2 protein chains.
Amino acid sequence: MIGIVGTRSRRHGEWAEHATAELRRAGHRSGGARAAVIDLMAAQACCLTAQEVFDGLRAEGRVVGIASIYRALDLLARLGLVRRLDVGSASGYEPALPSGHHHHHVVCDRCGKVSSFEDPALEDAIDRLSRRLAHTVAEHDVVLRGACPDCRP
Amino acid sequence: MIGIVGTRSRRHGEWAEHATAELRRAGHRSGGARAAVIDLMAAQACCLTAQEVFDGLRAEGRVVGIASIYRALDLLARLGLVRRLDVGSASGYEPALPSGHHHHHVVCDRCGKVSSFEDPALEDAIDRLSRRLAHTVAEHDVVLRGACPDCRP
DNA sequence: GTCAGTGCAAAGCTTTTGCAGCGCG
DNA sequence: CGCGCTGCAAAAGCTTTGCACTGAC
């Protein structure tokens, strides 16, 4: 595995502060549910579904309505603070780290487990490509699929 | 726009025959609904949702139950004959052309329109990367997002 | 004749929305 | 003390499943 994503906790701690500040700056009040979602998201290395956020919070004893979780994640996504990843039946959400620390995903087509990787050469190819398209490309996602080491025959 | 996908009709005509043959080879009988789905898919340059297939067939007067469309697309996807693309709330499906003729997608984040492009350099970066991962990578999708020419300010 | 393929309707999941009440600022 | 945030419940997609029937082989 190349480009394993490290130094997670520091970056993500900064992310929680940043997200909270951006919300305030955009004129939003602070409430318990949204703060709980941000706390939990800040502790994640990779993407979580809304249901997983719900379950994770309940496991901590912080019971939050699932609707509030969707509303919080949607707002964070619209402010560019989380990335939404469509892979399968439910969307995944993860903290959007500062540019240059993108990562992408490999999904095991047997067990469904999602892992992440970073690859500068891939980012580079996408950057070059983006400049040549007629669209004003703002973001990108790469999803690879295949058997993970545990599932390989 | 680079790498515009051309020579669609010939490749796709071949695709319909290939798909039909593969289904037979896998022991499936031929039925009206599935044949209609294959016909319609063969005429597509880019991805369609199940609902769009349903509407398209109805427009031709070939009324097919939506459940049969989902079943046909699911079977074709499991045989590797169509690719399923998760981008937004509904899945898109498109004919899987022979290796080397992959294309990927740009989604306009304003109007939602999906366009396609090909880029050998990108394929190359993904191939190299795939060889270095612990997974046995079988396929990949790249989705770019940004304003399309019509929607740009 | 057998069993895969099909259509309809119902169920299942994920996500969104309406609404009443609470609480931040 | 107004309006945004929240929870609950209902509704709204998208997709799958159960079942009876038709039709391919």
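Predicted model, so just to flag it, every value in this text is computed and none were measured. Reminder, nothing fancy here: chain letters follow the sequence lines and each chain counts from 1.
With sequence neighbours excluded, the residues satisfying salt bridge (Lys or Arg N to Asp or Glu O under 4.0 Å) with B:D74 are B:R78, B:R84. Applying the salt bridge (Lys or Arg N to Asp or Glu O under 4.0 Å) criterion to B:E123, with sequence neighbours excluded, gives no partner residue. Not counting sequence neighbours, the partners of B:H105 by the ring-ring contact (aromatic ring centres under 6.0 Å, His included) test are B:H103. Taking the salt bridge (Lys or Arg N to Asp or Glu O under 4.0 Å) definition, one finds that B:D141 meets it with A:R145, B:R83, sequence neighbours left out. Scanning for salt bridge (Lys or Arg N to Asp or Glu O under 4.0 Å) contacts around A:E52 gives an empty result, with sequence neighbours left out.
Cluster partners of B:V107, by chain and number: B:L85, B:V87, B:V114, B:V143. The rule joins Ile, Leu, Val, Met, Phe, Trp and Tyr whenever side-chain heavy atoms lie under 4.5 Å apart. Members clustered with B:V63: none, using a 4.5 Å side-chain heavy-atom cutoff among hydrophobic residues.
Rounded to an integer number of Å, the gap from CG of B:L76 to C1' of C:dG5 is 13 Å. Atom CZ of B:F54 and atom C1' of C:dC8 are 11 Å apart (whole Å). One interatomic measurement links the two molecules: CG of B:D55 to C1' of D:dG13, which rounds to 14 Å at whole-angstrom precision. Protein atom NE2 of B:H28 is 6 Å distant from nucleotide atom P of C:dG5, rounded to whole Å. The CZ-P distance, from A:R24 to D:dG4, rounds to 15 Å in whole Å. If you measure from atom CD of B:E52 to atom C1' of D:dT15, you get 16 Å, rounded to the nearest angstrom. One can place CG of A:L23 at 15 Å from P of D:dG4, the figure rounded to the nearest angstrom.
Relative orientation of the B:H140 and B:H102 rings is perpendicular, given thresholds of 30° and 60° on the angle between their planes.
Interface residues of residues 59-74 of chain B facing DNA chain D, ordered by number: B:A67, B:Y70, B:R71; criterion, heavy-atom separation under 4.0 Å. For DNA chain D, the neighbouring residues in residues 80-96 of chain B, judged by any heavy atom under 4.0 Å, are B:S89, B:A90, B:S91.
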Compile the donor-acceptor pairs under 3.5 Å between side chains in residues 64-71 of chain A and protein atoms, sequence neighbours left out, one pair per line.
none

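Each end of the helix from C:dG1-D:dC25 to C:dG25-D:dC1 gets its own axis, taken as the rotation carrying the C1' atoms of four end pairs onto the next four within a five-pair window, and the two axes meet at 30° to the nearest 10 degrees.
Between B:Y93 and B:M41, the shortest heavy-atom distance links the atoms O-CE, 3.3 Å. Scanning both residues, A:S130 and A:V137, for their nearest heavy atoms gives OG-CG1, 3.6 Å.
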At a cut-off of 3.5 Å, list every protein nitrogen or oxygen paired with a nitrogen or oxygen from nucleotides 1-3 of chain C, distance to 0.1 Å.
| from | atom 1 | to | atom 2 | distance (Å) |
| --- | --- | --- | --- | --- |
| C:dC3 | O2 | B:R29 | NH1 | 2.8 |

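A salt bridge does not link B:R131 to B:D127: none of the charged nitrogens lies less than 4.0 Å from a carboxylate oxygen.
Other residues, nucleotides and ligands contribute only 12 or fewer heavy atoms inside 6.0 Å of the CD atom of A:E17.
Among the protein residues, A:G32 comes within range of the sugar-phosphate backbone only, with heavy atoms under 4.0 Å from sugar or phosphate atoms but none that close to a base.
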